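Whatever order the structure lists them in is the order used to number ligands and atoms, beginning at 1. Just so it is clear, the model here is predicted, and its values are computed rather than measured.
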Amino acid sequence: VKTQGRDGYCFYAPEMSQRTAASQRIENVLRHALAHNELLLQYQPKVDAKLGHIVGAEALLRLHVNGEEVFTPDQFIPVAEDTGLIVSIGTWALREACLQARSWQRDGHPIAISVNVSPLQFQYAGFYERLDAILNETGLDPRLLELELTERTMMSGGDGTIRLLRRIRQRGVRLSLDDFGTGYNSLSYLKHFPVDALKIERAFVRDITQDAETAAITRAIIGMARSLNKDVIAEGVETEVQSAFLRDAGCSHMQGFLFGAPMPAEKFEERLVVTDD
Ligand code: C2E
Ligand code: CA
Ligand code: CA
């Protein structure tokens, strides 16, 4: 579509090519960041639902240029997936998170670290070998590592998925099913895939105090997961009311702004000192 500009210029601005230009720019920034070591991770506390203390951290990617966040993960992760860059970025994030957890472990804080794994990264031949190499290289106790996989990731793995998941668990690494409740197959997946934990999607948590049906479904999910011996982590907990509901419903862990937003490693360490005293 050619649009006639006010002052007579013609510019070519169909929606498709605008989108391509935006994602092209994100791709450039990502490539630059990868090459110049400008990606970073922030850490969000995961707390014990009953005792309230920090038991783990989720590592979340950030893309900063000159100290400013230029794109959010919701903007750059899809581009990284489309361009295949997610394989290198995901490997970087995994190694970085393991190094950080190893360092906390050395300092007397055996904090479990959770790392997100995207479908393409998981499908990539040699995923297990890389994981194994990173564990050997960093010396992190594998029991302190947890991989967060979505239903989409599990689905992308094909026939070998269950074997791969078993192998990862045999290495001592924990697995959790992320964004639980969003997909269509969630319930059958829980029976099918060998995971240790599930994370209840933020949208459910948001509505439990608003909507009786959501509250009932959430309670049922937690009960079922617990009867299958899985940990249940609620995501996006923002209020005391939500927290109390989830604790009473049997959630084992919680994550959300109520307990702390994702933060730089140094900030996270301050929190560890406080909770351990
Ligand atoms: P996710 O794995 O579901 O991560 C949780 C998201 O919820 C994070 O957004 C976190 O900042 C946000 N969040 C946490 N607590 C609260 C809360 O109380 N309220 C609200 N409104 N939000 C909360 P973030 O960091 O922007 O990441 C978005 C998504 O990008 C992640 O969703 C994940 O799918 C993806 N992502 C982030 N880092 C990585 C990574 O290293 N690898 C891969 N493959 N994906 C990543
Ligand atoms: Ca996650
Ligand atoms: Ca999630």
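- Of the heavy atoms in Glu235, only side-chain atoms (C-beta onward) come closer than 4.0 Å to ligand 1.
- A donor-acceptor contact shorter than 3.5 Å is absent between the side chain of Gln24 and the backbone of Thr20.
- Asp132 places no side-chain N or O within 3.5 Å of a backbone atom of Tyr128 that could act as its donor or acceptor partner.
- Distance check on atom 21 (N) of ligand 1: some protein heavy atom falls below the 4.0 Å cut-off.
- When hydrogens are left out, the protein atom nearest atom 18 (O) of ligand 1 is Phe257 N, 2.8 Å; that is the closest non-hydrogen contact.
- Under the 4.0 Å criterion applied to side-chain N and carboxylate O atoms, Asp248 and Arg219 are not assigned as salt-bridge partners.
- Within the 3.0 Å limit, Glu235 places no N, O or S atom next to the Ca ion (ligand 2).
- For Glu148, no nitrogen or oxygen atom sits less than 3.5 Å from a nitrogen or oxygen atom of ligand 1, counting backbone and side chain alike.
- Comment: Glu137 engages Arg95 in a salt bridge, judged by a side-chain N to carboxylate O separation of less than 4.0 angstrom.
- Formation of a donor-acceptor pair under 3.5 Å by the Asp211 side chain with backbone atoms of Thr214 is found in this model.
- The residues Lys199 and Glu58 are annotated as salt-bridged, a charged nitrogen and a carboxylate oxygen being separated by less than 4.0 angstrom.
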(request) Check step by step if side chain to side chain contact (heavy atoms under 4.5 Å, CB included) holds for Ile86 and Ile77. (result) CA-CA 7 Å; Ile86 195 70; Ile77 298 283; 4.3 Å; yes
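- The number of heavy atoms from other shown groups lying within 6.0 Å of CZ (Arg171) is above 12.
- Under 4.0 Å from ligand 1, the heavy atoms of Arg62 that appear belong solely to its side chain.
- In this structure, atom 38 (N) of ligand 1 lies nearest to the protein heavy atom Leu61 N, 3.1 Å.
- In summary, the atoms of ligand 1 found under 4.0 Å from a heavy atom of Asp74, numbered by their order in the structure, are 28 (C), 29 (C).
- Against a heavy-atom cut-off of under 4.0 Å, Asp178 is close to the following atoms of ligand 1: 2 (O).
- What sits closest to atom 43 (C) of ligand 1 on the protein, heavy atoms only, is Asn116 CB, 3.6 Å.
- Those atoms of ligand 1 that come under 4.0 Å of a heavy atom in Gly256, given as number and element, are 15 (N), 18 (O).
- Counting heavy atoms closer than 4.0 Å to ligand 1, residue Pro262 contributes side-chain atoms (C-beta onward) but none from N, CA, C or O.
- Residue contact annotation: Gln42 has no non-hydrogen atom under 4.0 Å from ligand 1.
- Shown here, atom 4 (O) of ligand 1 is in close reach of the protein: a heavy atom of it lies under 4.0 Å off.
- Neither the backbone nor the side chain of Lys199 has a heavy atom within less than 4.0 Å of ligand 1.
- In Asp179, the part holding a heavy atom less than 4.0 Å from any atom of ligand 1 is the side chain.
- Vertex the Ca ion (ligand 2), arms ending at OE1 of Glu148 and OD2 of Asp178: the angle is 90° after rounding to 10 degrees.
- Of all the N, O or S atoms in Glu58, the one closest to the Ca ion (ligand 2) is OE2.
- Of the polar atoms of Gln121, none of the N or O atoms is found under 3.5 Å from an N or O of ligand 1, judged by distance alone.
- In summary, the atoms of ligand 1 found under 4.0 Å from a heavy atom of Ser118, numbered by their order in the structure, are 44 (N).
- Enclosure of atom CZ in Arg169 by more than 12 non-hydrogen atoms of other residues, nucleotides or ligands within 6.0 angstrom is indicated.
- Between Ile200 and the options Ile222, Leu177, Ile217, Ile233, a side-chain contact (heavy atoms from CB on, under 4.5 Å) holds for only Ile222.
- For the pair Leu258 and ligand 1, the shortest N or O to N or O distance does not fall below 3.5 Å.
- For the 3.5 Å distance criterion, the side chains of Glu146 and Ser114 qualify, holding a donor opposite an acceptor.
- Contact annotation: Arg202 has at least one heavy atom less than 4.0 Å from an atom of ligand 1.
- At least one heavy atom of Glu58 sits closer than 4.0 Å to an atom of ligand 1.
- Distances below 4.0 Å separate heavy atoms of Glu238 from the following atoms of ligand 1: 17 (C), 18 (O), 19 (N), 20 (C), 21 (N).
- Of the protein's non-hydrogen atoms, Gln44 NE2, 2.9 Å is the one closest to atom 15 (N) of ligand 1.
- By the 4.0 Å N-to-carboxylate-O rule, Lys46 lies too far from Glu235 to be salt-bridged with it.
- With respect to the Ca ion (ligand 3), Asp179 has OD1 as its nearest N, O or S atom.
- Counting heavy atoms under 4.0 Å from ligand 1, residue Ile77 touches it through the side chain alone.
- Looking at atom 30 (O) of ligand 1, its nearest protein heavy atom turns out to be Pro73 CB, 3.4 Å.
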(request) Take Asp196 and Asn229 through the side chain to side chain contact (heavy atoms under 4.5 Å, CB included) test and state the conclusion after the steps. (result) CA-CA 8 Å; Asp196 303 281; Asn229 261 326; over 6 Å; no
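- Closest non-hydrogen pair, Val87 versus Gln121, comes out as CG2-CA, 4.4 Å.
- Within 6.0 Å of the CD atom in Glu69, the count of heavy atoms belonging to other residues, nucleotides or ligands exceeds 12.
- Within the 4.0 Å heavy-atom criterion, neither part of Ile89 lies near ligand 1.
- Ion pair Arg167/Glu129 flagged as a salt bridge, since at least one NZ, NE, NH1 or NH2 atom sits closer than 4.0 Å to an Asp/Glu carboxylate oxygen.
- For CZ of Phe193, the number of neighbouring non-hydrogen atoms (other residues, nucleotides, ligands) closer than 6.0 Å is greater than 12.
- For atom 7 (O) of ligand 1, the nearest protein heavy atom lies closer than 4.0 Å.
- Protein heavy atom nearest atom 37 (C) of ligand 1, with residue, atom name and distance: Leu60 CD2, 3.7 Å.
- Contact annotation: Asn116 places an N, O or S atom under 3.0 Å from the Ca ion (ligand 2).
- Electrostatic pairing of Arg152 and Asp179 does not count as a salt bridge here, judged by no charged N lying under 4.0 Å from a carboxylate O.
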